[in-house]
Amino acid sequence: MAAETEAADGEEYESRVGASYTLSRLLQDTSARISLFLIAIISAGALFAFVDAEFLDYRLAETYLYHPLRNNVGARPLLPPVGLSNQFGEGVMAHPLGTDTRGRDIAVRLLYGSRIAIQIALVSTTIGVVVGTTVGAVSGYYGGWVDDVLMRFVEILYSIPFLVLVIAFMAAFGRELIYAMIGVSIISIPIFARLIRSEVLSIREETYVEAAQAAGVKDRNILLRHVIPNSFAPVVVQTTLQMGTNILIVAGLSFLGFGAQPPTPSWGQMLSIARNYMLPAPWFSVWPGLAILVTVMAFNILGDGLRDTLDPRLEN
Amino acid sequence: MSHLRYTIKRLLQAIPVLIGISSITFFLINAMPGSPVEVMLGPTASEELIAAAEERYGFDQPIHVRYVKYILAAMGGDLGRSIHYGVPVTTKIMERLPVTLLLLASSFAFAISVAIPLGIVSARRRNQPVDHGSRVVSLIGVSTPNFWIGLLLIIVFGYHLQVLPSNGLVMPLTPISEVEGATSRLDVLVQTAKSLIMPTIALGTLQMAAVSRIERSSMLEVLGRDYIKLARAFGVKESVITRKHAFRNAQLPVVTIIGLQLTSALGGAVLTETVFNINGMGRLIIQAVRTQDYALIMGTTLFFGVMFVIGTLVTDLTYAYLDPRVTYEGED
Amino acid sequence: MTASTPLLSVDNLQTQFETAEGTVRAVDGISFDVHEGETVGLVGESGAGKSVAISSILRLVESPGEIVGGEIRFQGETLLSFEEGPDGERRRSPETLSNEEFRRRIRGREIATIFQDPMESLNPVFTVGSQLQEFIEINRELPPKDARDVAIETLREVDIPKPEDRFDDYPHEFSGGMRQRVLIAMAIACQPSLILADEPTTALDVTVEGQILNMVSNLQDEYGTSFVWVTHDLAVVADICDRVNVMYLGQMAEQANVHDLFDDTKHPYTEALLNSVPRPDKTVESLTPIEGVMPEAIDPPAGCRFHPRCPDAREVCREINPDARNVSDTGRPHNAACVKHDAFDVDYEHSAPIKSEDDEFGEDLQVTEGSR
Ligand code: SF4
């Protein structure tokens with residue numbers, strides 16, 4: 001009987017960490033459902049923009065919408081959204097959110113800007129997670145001088161404010177988007193390294209790891225098969241939240257002129273242009289910020305939902 | 001171990017971290033294309049002129065020699081000269097540092113004084129409209145770019161209502177004659193307060209949101225503890241339970257979060273200063289990068305590190321003050 | 001016992017918890033009395049509802065729990081009663097003490113508690129002395145200075161060495177046994193008429209438990225305070241209680257004075273409990289564990305709640321959920337909720353025994369009261 005109970009618990013544990021179980025529980029939460037829906041829409045837009053920009057040279061945009069980079073012949077600049085008017089004219093249906101300084105359609109630029117945000121969220125965060133997890137796992141598992149050296153390095157990286165670190169990094173290498181992405185990956189490393197290390201330190205003491213060690217399983221295999229999968233839940237939660245944070249950081253960088261260079265649209269950069277027209281065209285400043293807010297919020301809600309699902313201890 | 005000895009120990013421990021920061025920035029900066037002298041003298045300068053200037057600034061020496069020299073000098077408090085401003089880096093930093101510190105202090109004060117009551121009310125009225133409202137506010141707060149909040153505030157209060165200045169920060173100790181329309185110290189202070197409002201909200205909102213979230217969950221957790229039940233069982237008033245019995249315990253995770261928020265607040269200061277054209281450390285580093293002012297980039301980065309280290313130390317000391325269980329013995 | 005009005009009388013108390021899985025009737029209509037100067041035991045396995053009963057008396061049941069029925073009278077005053085509302089719903093009657101009055105006049109001052117877990121029950125960020133002093137200030141309306149003196153005096157009474165010095169120590173600087181003494185000091189320092197002790201010695205080792213039980217008996221002799229002593233440990237019951245109430249799954253199984261309960265056991269559950277634990281008057285060899293585990297209060301068995309585990313269960317036990325009624329043949333009150341007694345006219349004798357269910361359970365199961 002006792003043995004049976006244990007087996008049952010084991011199964012439940014398995015099913016708890018299983019992806020489909022997590023998803024089905026997550027979908028019971030309305031706000032998590034909405035956030036997933038939003039992320040799906042934004043990602044679809046980003047994918048569309050990515051394909052169009054990289055492979056089709058904006059032909060889709062030109063045919064069906066407006067060219068996001070080129071001046072829009074005949075369109076008036078700094079138009080307000082539909083239903084409003086300013087000194088430049090009245091908002092028109094053709095440009096529902098208005099136009100920017102060169103008469104480009106803001107809605108289309110927002111759509112193409114989503115690509116940068118999603119790219120950052122996926123690529124930079126993933127690199128940060130992979131490297132950070134490896135560093136943290138190795139550090140926590142081996143301890144000793146390896147731990148000392150790695151953790152000192154992580155601590156130093158962590159002591160420089162994220163934005164400042166990336167700015168210094170970009171000062172050295174260049175202001176293009178790719179360096180912003182690398183910079184953001186680097187600042188994500190300490191976060192995951194610390195997280196995983198503390199998880200590993202607690203898991204290392206568990207019996208099954210000790211048993212594997214006693215049975216002569218190779219260190220690398222123990223790390224891969226036992227330690228890392230068991231730290232899965234907190235990493236997934238932190239990754240989701242970090243995606244939001246990274247989007248915010250890159251938006252800030254672009255705002256400061258570090259990141260996607262004009263004419264490629266990014267939300268932060270649109271804001272830095274809009275900043276010069278706050279008085280005549282305030283709406284121009286509103287939309288990109290709203291886009292950032294909604295995207296980051298979607299990741300944050302999803303992260304909270306995942307935390308509640310994966311880690312019931314924290315539910316409240 | 002006393003608080004004082006602990007503080008000294010922690011400061012000593014910070015030295016390797018600061019050396020590490022200097023080293024990282026040193027090597028990063030030296031990965032920059034071109035020598036700073038070329039940048040300074042412009043593309044038309046002759047070879048000899050460049051060579052002479054490089055010798056004067058020590059750029060002709062091999063990198064490891066320069067590195068050792070830089071670190072040694074930095075430990076002695078000499079961070080080199082700013083090529084752009086033509087003054088020692090430390091001078092420039094000391095001029096800008098108080099501005100950023102004032103901005104940070106004010107935004108943390110704002111964040112904490114709003115977040116804690118908000119979090120407590122939220123916890124006490126869990127799942128009631130107040131709670132839902134404050135949770136939505138916090139969620140938006142942690143998801144909004146602070147420079148955008150700054151822009152919106154400027155649009156509304158600076159341009160439309162024209163009630164607050166949207167440019168610069170008036171330091172409280174600025175000479176009266178330098179402040180427009182001020183005839184007394186009080187006028188200056190009023191100007192300081194007015195010019196602080198918008199930057200404070202812009203920078204503090206994220207911290208406010210993060211703190212109120214943690215305050216809520218931590219208060220909920222503490223209110224469910226046995227010692228709270230015990231206090232109730234002995235007839236302690238609910239208001240006293242919240243204010244006294246639960247409050248101090250509930251602040252422990254909050255202090256930790258404030259420590260973790262330091263890094264984002266310091267980064268946020270760079271953006272806020274840019275939006276409001278405030279001449280603090282944040283704008284200084286941006287200007288340094290724009291002008292490729294090597295020594296200044298290294299110096300400002302280092303000082304951001306220093307601010308972080310000191311901020312963390314302060315939160316740790318606060319934690320230890322709040323929680324008698326913290327002993328410094330086992331600390332390493 | 002005397003026929004005078006009891007100090008505390010609990011009548012048909014019901015407390016339930018709304019959970020996602022359904023309603024848990026943690027306390028399902030229990031009644032018992034406590035007289036002046038008496039120590040009354042409340043006994044049962046974990047989950048029997050003892051602690052919820054204590055919390056209910058003090059109105060400390062927290063959401064999603066709720067007291068839904070019953071009457072509690074204390075010193076002739078109605079602490080709690082229910083009436084039918086205009087729409088037929090049950091609501092608190094006007095005689096019920098208001099929450100504010102209850103907090104001010106009853107909690108701590110008249111009815112004090114000793115909690116189960118000494119490690120969790122003291123606030124870690126305040127000194128032990130200041131916590132004790134605060135309760136004294138509130139409940140005896142003493143100025144801080146005097147309250148401090150009383151606090152130190154009480155700490156001395158509960159055998160804390162050098163109480164003046166320990167006054168300013170924090171809880172983490174006290175051992176488990178010492179903290180428990182502090183909790184006891186809190187209860188007695190307020191000079192209540194009744195102390196509800198919720199398994200106060202469970203977390204302690206046997207020696208410390210012995211010392212504390214001794215101390216409590218002495219203190220009781222001195223002050224004449226009444227106690228309700230919640231425990232799962234019959235040895236403790238035998239040691240300090242005058243009368244005993246045995247609870248099973250939120251209901252009363254047996255109520256009698258301590259000698260009758262041990263020597264003239266009327267309920268099979270009590271019998272099983274007695275057989276499962278070492279008794280001073282029995283040797284270890286004769287121990288027999290109770291078969292099976294206690295079902296969940298969320299889904300109690302129909303009929304007598306004990307029937308799936310009861311060695312004497314008959315078919316009739318599946319149908320009737322007996323109330324605890326007087327089955328005494330000695331003239332002293334002795335209640336038992338078991339249909340095998342003649343007071344229940346249900347023809348137990350001719351009902352067929354239930355046998356099959358016994359086999360479902362393994363041999364090695366113990367009473368499930370645990371190390372919480
Ligand atoms: S009523 Fe039946 S099942 Fe219940 S205790 Fe008595 S004999 Fe056992």
Quick check on B:Arg225 against chain C: is it the side chain, the backbone, both or neither that has a heavy atom closer than 4.5 Å?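 Just the side chain, heavy atoms under 4.5 Å.
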- Which region of B:Val222, side chain (C-beta onward) or backbone (N, CA, C, O), has a non-hydrogen atom less than 4.5 Å from a non-hydrogen atom of chain C, or is it both or neither?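 When you check distances to chain C, no heavy atom of B:Val222 falls under 4.5 Å.
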Using every non-hydrogen atom in the two residues, find where [X] and [Y] come nearest and quote the distance to one decimal.
| X | Y | result |
| --- | --- | --- |
| B:Leu230 | C:Leu183 | CD2-CD2, 4.0 Å |
| C:Asn139 | B:Phe234 | ND2-O, 3.2 Å |
| B:Pro324 | C:Pro124 | CG-O, 3.2 Å |

| said: Looking at C:Asn123 and B:His245, would you say the former's side chain and the latter's main chain have a donor-acceptor pair under 3.5 Å? | reply: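 Here the side-chain-to-backbone pair exists.
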Does any heavy atom of chain B fall under 4.5 Å from the side chain of [X], the backbone, both, or neither of them?
| X | value |
| --- | --- |
| C:Glu120 | both |
| C:Leu60 | both |
| C:Ser55 | side chain |
| C:Glu134 | side chain |

Worksheet item: Is it true that atom NZ of B:Lys237 has more than 12 heavy atoms of other residues, nucleotides or ligands lying nearer than 6.0 Å?
Response: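 Check fails, neighbour count at 12 or below.
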From the list C:Met186, C:Arg103, C:Glu62, the residue making the most non-hydrogen contacts under 4.5 Å with chain B is C:Arg103
- request: Enter the distance from C:Asp198:CG to B:Lys229:NZ here, rounded to the nearest 0.5 Å.
  value: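 Result: 7.5 Å between the selected atoms.
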Inset, instruction - Please say whether the positively charged group of B:Arg248, taken as NZ for Lys or CZ for Arg, lies over the ring of C:Phe126, i.e. under 6.0 angstrom from the six-membered ring centre and within 45 degrees of the axis. - result: yes
